[in-house]
Structure formats: structure tokens, C-alpha cells
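One structure below.
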Amino acid sequence: MLQVNARDMNGLPFEGLRVIGELINFNDEPMLNHCQDNRDNDWLCYWVDFDNTGKRWLYGKINKEELYHYLIGSKSLKETFSEIRSDYVFLIDYDANEAINSIKIINSYAIPETYFAGENSFYKWGLSDYYARYLDSFMYIDKLRQKSYIVTVKPTDQIHGSTVSAREAAFVLTNITRSMEGYIDVTAFNLLKTRTGDRTRINKEVNRMKERLTPRIAQNAFHSFEVWLSMDVVTLEVEGAQEVEWRNQLIENYKNDILDVDVSSEEDGRIIVEKYNAEERKKIFEPLVRVYDNDNIAITISDFNQTFKRDFSRKPITQSFKDIVIPKPTIAELEAKEQKKIHLITAVIALEEGKDINTIRRVSEFKQNLLFTEENEINNFPINSPIVVGEKTFLLRKPLRCVLSIDDQNNFTLTNARLELNAENRDLSNAINEIKAQFSLLIEEFENNRDRADSRFEELKTLLA
Amino acid sequence: MALKFQHEIDAFQLDIQCPEGVVEPNELVAFRWSYTPIEHRLNFLPNVVFDREINNGYNYNNKGSQIKCRRCAASYFTNIENAKNKWEGISLQNRLNLGYTHIASGVLEANDGVMREPDRDGHFGFYESDTANLATKFTIVGELNVTS
């Protein structure tokens, strides 16, 4: 038999080994057995060599996942041993009387090449009922993996190597989850409303589906950031033929309708608009657009079967696509957004006549003169006439009023919903200048399109002198 | 039907009818691992003889009558894929030890011998009749993987 550089052992590395399944035989003799020892460890025992003195067997301890992948035919016998996770394997020689002649231990990476099966040594008979029960937990995870979208995120700069920040990873996961849940929401609702007009029942069922189908992480890798996201259509129970079809097609449909889209193509954008109304597109696409639009990360999405792959760094989302797909916020939405503020306080301070507030330097003096404070939102921040931008001067009948807010990063935001003006800056004066610049451009647009029906123009007319 | 290797069966002094549960092939296209050329002395041998010829230290003393009887047959396959698949599952070392290099195919007829029912691997044992000349009925049709 082959001379192997191995270390002799005095005894067997296991006790109570019993054959669980004869997986392959050769001329009515076992060739590959699945065995268990008395600690319920799983072993693969493979006949690898013989001569006139007897036979040699290779014993490798495997975990259930390794056994599962061999038995479902996704890994060959050669791969199962060449990639075995155990650090050590054992060579046991039996003489012609089937008595043990020698026991040797070798590193698993040192298994002789000739002791492997052929490249195409795949198990072809599938899981028996016994193994289906024995390995059922891996069947579930494997089914999820096979229905996964593979999201890979890399940083656009390499200051921290290929690692992405936890914040960015969370950002990607959160927004993709929102998109997938939005898709479930939209498609499930549209399906169920044909069944019943009972909104409460519909909402309850949609919420149940969202909860059950919210993306699960089926696998991940830590180099850069790769995560396999899957919606658990495996265990979701639904009634009705159409609901069953909806569930069975959910993964494929989300891929086709939402992920496998050319975000640089106006044509693809128009197809999306035809299929989904504004509210639906907001739920499904707006979170994804946030991810695609993030300049700090390069993202690719594919699926388990490699039926598609989108690399959003090579073909980034275009403004025209966004303009088509993502509906502009309504005035009510903008105003609602504007109301989210951190504290702004109105303070009333008593000052001697003629004294300037800027003369108050000390906090103690400020407090001494403070009469009262009131928390309120400054929704009436005036930008007074005239508004000067470069060489242009615009006279207004009344101040241009904006909503002023400040966030927890101390960024000032000025907004005028009706004119669709919005500026953000850490310096309030810069934000004001930005608003003025936008105002100037709006007037230019108005002058070039006077006949166009535009609510902004109507508002503008009320301002201009 | 008189069998070519009846003496091997007789030497075991089996306490069972051997072979049993066999049928005559009916123009069955069969495949088997082979040496080349097809006339090689180690082709078409029953396993009990082949083991001796290649020094396979198989201990028949430890085996029951059924096993001994089955090993008095030669191994064949019902199609070339099954023949190749089975080969791939064997370690390269054992493939080198067995020494087969090719696949041969031919048509087995009723007067060539008797066969067992094929198993799930498409493998069956064949007991050759003493009048058969299988080397004239089989040809080499492909190579076996003996490198990886």
C-alpha cells in the first residue's frame, strides 16, 4: 500500500463506531460508510487502498453540514474529503482477516492525492427519508440560501481596507429590508383586496406576511461585506391557490421587478412607473435608491443561481431614472418633514433701551435678563426683500418665508415647500444664500416657461413685486 | 446451462444454490471496465478470479455463502454513465490498483450466460456460459479516468 508520512497511534480515535448508512458499495462490499461513534460524532469511512496484505480505510470526522452537502450532491466525495473541516484524519489498515493492523493519524491537508475519489464523484441518490430527518435543519437553511439575493458591499475608498463601517452595513441592510417589506406590502395587498373589502382583515394578513417574510440572513462573509438575504417562503403558510402562487413566485418576482433593473435606463424606469403607482414606488424603490445613491459604498446584487448580477458601481443610478421612478414629495410630506426638528427656543430678554443684545457676553448676564423662554418651531423664518443673487436683484411684496430647523448634527435646514426650495448647511448664512440661489433659478425657470401650469409659479407670483 | 467458472463456485462448497435468482440476458447492451486490448487476459473475469490475479487480499473465509456466490460473477453495467460514475467514486489509488483503463461494450445474449438483476447503480453480476467468447462480442468504447 502507499507509503504515507503519518504518525502511528496506539488506539482508535473513537469508541463504539457503528455503521449508520452504507453510502457506496463496490462489488457488494462497502466502500463508503457513514458511521457514528458513541459520542454521536459523524464519520465518513472510505476504502482508499489495498494490496495482498489487506485494505486501508480513511476515517474523517465530519459535521452534519458536510454530510448534508455530500448527500444532496452539491459537493463531490473528493471535495468532501479535500475540504474536510477536521484538522486530522485517520488511516486504518485491516489485514486479510479484517483485524486492525495499524492506525495512523495525518493532517487533513496531507491526505494523499491518490486517496481522493474522482472529480465527478457526486452522490446521485438524494436524501433518504432517514437522512432527510437526520439533516432537516440543514435542509431549511439550504433552501433559504438557494432563494437568497447576495448583496456585496465594498467601500469606495480603501482607507480601512476592504471593510465597511457598521453604520454603512446597517444602512444597506435596513434599506433593502424596507424595500423587500414594501414589495410584500404592495403585492400582498393588491392580491388580498380582490378577496375582501375588509381593510382590517387585509392589513392584518399583510402584516403577518411581512413579519414572516421579512428578510433573513442565510449566510454571510466578512471579507468586505457580503450577506445573503432571503424571504422565508419555505415555511410561510397561506391558503388559496393564488396566495400559494404569490408566495411561490415572490422571490423570483422581486428579483425580476425590483432588483434586476437597469437603474441607468429611462426605459426601465418607465416600465416601473407603469407597473407601480407613486405610493407603491415610494415604498419599494425609495429605500433602494438611497442605497444605490450612497457614494461611500459600491454595491453588487446577484442571486444564488447567478441568474442575474447588477453592479451599481459600474452602472450607477442616474438622475433621470430617479426622477422617473421616485415621486417628488407632496407639499404635505415636505411640511411634515420640516416639522421634525430639534429644539428651537424663543427667548425673551429684557434689555436697556439702546443696548444691543450682542453686548451680552456672559451666560450669567443672559440668565439675569431672561424673562421667559418658549419652545417653538420656527416655521416663519423670513428672508427679506430685496433678494440679491450675483448681479440680479429681486423685489418681493413680502418676505420669502421658510421653515428653519436644526438637526442633531447642528445642520441648519431651510425649506419652502410651496416653492420646493430646500437648503442645508452647518452655517445658517450659507443656507440662506443657497435658498436665495435656488430662488433665482426658479424665477429664471418661470420666465422661460410662463405658460406652464406649475404650483410653484402660482406661489411665485404672490411674492414678486 | 454450464458455466465457464463453475469450478470456482464448486470450490466454495456453498450451502446454497448458486447462482440463484438469475435470468438470461435478452440482447442486452452491457458495459464493463476493461483492460486494453479487449483480448487482455484480465478482461471478463469473475471477481473471485480477478482478486487473485491482482493480489487483492480479499478474505473469502470471512464471508457468507451469498457473498461468495456473488463474487463468482463478473461485473457489468447497464449503461456507460453508470460505469463511469461508479469508477469516479473509487479512490484514485484503488483505481490504479485495479488497473482498468477503458470501458468496453457489447451485447449479451441468452446463450452467453445468466445475469442478476441490476442494482440502483446499474451494476449487475454476470455468470458466463462455457460456450461464450465475450472478447469477440465486446469492443473498447471509451477511456476511464486514471489520473485524478
Side-chain angles (χ1 to χ4, degrees), chain A residues 1-4 22-33 44-60 70 73 75-82 89 91 93-99 101 111-126 128, chain B residues 32-33 45-77 81-100 116 119-126 143-148:
Chain A
M1 284 190 265
L2 190 70
Q3 288 296 313
V4 179
E22 185 182 286
L23 302 178
I24 305 179
N25 67 43
F26 175 68
N27 285 340
D28 298 311
E29 288 288 301
M31 189 166 75
L32 178 72
N33 287 340
L44 273 185
C45 311
Y46 184 42
W47 173 41
V48 292
D49 201 351
F50 73 86
D51 65 14
N52 61 337
T53 66
K55 290 184 175 180
R56 174 173 290 164
W57 285 70
L58 171 62
Y59 286 70
Y70 172 62
K75 268 198 164 178
S76 67
L77 182 58
K78 178 175 184 174
E79 287 165 330
T80 301
F81 271 110
S82 64
V89 295
L91 297 174
D93 291 352
Y94 295 85
D95 65 19
N97 295 317
E98 296 182 358
N101 220 351
I111 297 175
E113 278 297 314
T114 58
Y115 280 7
F116 292 128
E119 297 287 341
N120 293 316
S121 52
F122 292 94
Y123 192 75
K124 298 186 188 308
W125 301 280
S128 64
Chain B
R32 60 166 283 122
W33 304 333
L45 294 178
N47 293 311
V48 63
V49 177
F50 186 71
D51 289 341
R52 284 201 301 268
E53 293 292 328
I54 63 166
N55 281 324
N56 179 2
Y58 190 94
N59 187 358
Y60 284 86
N61 294 328
N62 290 347
K63 303 301 176 188
S65 298
Q66 291 286 353
I67 298 288
K68 289 174 185 174
C69 177
R70 291 172 88 90
R71 290 191 77 83
C72 290
S75 289
Y76 288 77
F77 293 90
E81 281 308 311
N82 287 336
K84 286 182 178 177
N85 290 339
K86 192 69 165 186
W87 184 251
E88 283 286 302
I90 300 173
S91 73
L92 177 58
Q93 187 61 54
N94 275 342
R95 283 181 267 150
L96 294 171
N97 292 343
L98 291 170
Y100 294 115
R116 293 191 176 278
D119 63 16
R120 70 174 187 175
D121 297 332
H123 168 267
F124 64 92
F126 186 70
E143 292 183 0
L144 290 170
N145 175 14
V146 290
T147 56
S148 64

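Not measured: the values here are computed from a predicted model. All chains are named by letter (A, B, ...) in the order of the sequence lines, taking the proteins before the strands, and each is independently numbered beginning at 1.
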- Task: Identify the residue among B/L98, B/D121, B/N94 that makes a side chain to side chain contact (heavy atoms under 4.5 Å, CB included) with A/F26.
- Result: B/L98
- Item | Proximity breakdown for B/N97 and chain A, heavy-atom pairs closer than 4.5 Å | both
- Task: Under 4.5 Å heavy-atom distance to chain B, tell me which part of A/F50 shows up: side chain, backbone, both or neither.
- Result: both
- Atom group of A/N25 that falls short of 4.5 Å from chain B, counting heavy atoms: both
- Query: Is there any residue in residues 66-74 of chain B with a non-hydrogen atom under 4.5 Å from a non-hydrogen atom of chain A, and which ones are they?
  - Reply: B/I67, B/R70, B/R71
- Task: Applying ring pair (Phe, Tyr, Trp, His ring centres under 6.0 Å), name anything that partners B/F126, two or more places apart in sequence or on another chain.
- Result: B/Y76
- Counting only heavy atoms closer than 4.5 Å, note whether B/K63 contacts chain A via side chain, backbone, both or neither. side chain
- The side chain to side chain donor-acceptor pair (under 3.5 Å) partners of A/K78 (sequence neighbours excluded) come to A/E119
- Where does B/R95 contact chain A at under 4.5 Å (heavy atoms): side chain, backbone, both or neither? side chain
- Item | Any donor-acceptor pair under 3.5 Å from B/Q93 side chain to A/Y115 backbone | no
- Let me see the working for B/E81 and A/K124 under salt bridge (charged side-chain N to carboxylate O under 4.0 Å, His left out), right down to the final yes or no. CA-CA 12 Å; B/E81 281 308 311; A/K124 298 186 188 308; over 6 Å; no
- Applying side chain to side chain donor-acceptor pair (under 3.5 Å) to B/N85 and not counting sequence neighbours gives none
- Message: Whether the side chain of B/N55 engages the backbone of A/N52 through a donor-acceptor N/O pair (distance < 3.5 Å, no angle test) should be reported.
- Response: no
- Message: Can you tell me which portion of A/Y123 sits under 4.5 Å from chain B's heavy atoms? Options are side chain, backbone, both or neither.
- Response: side chain
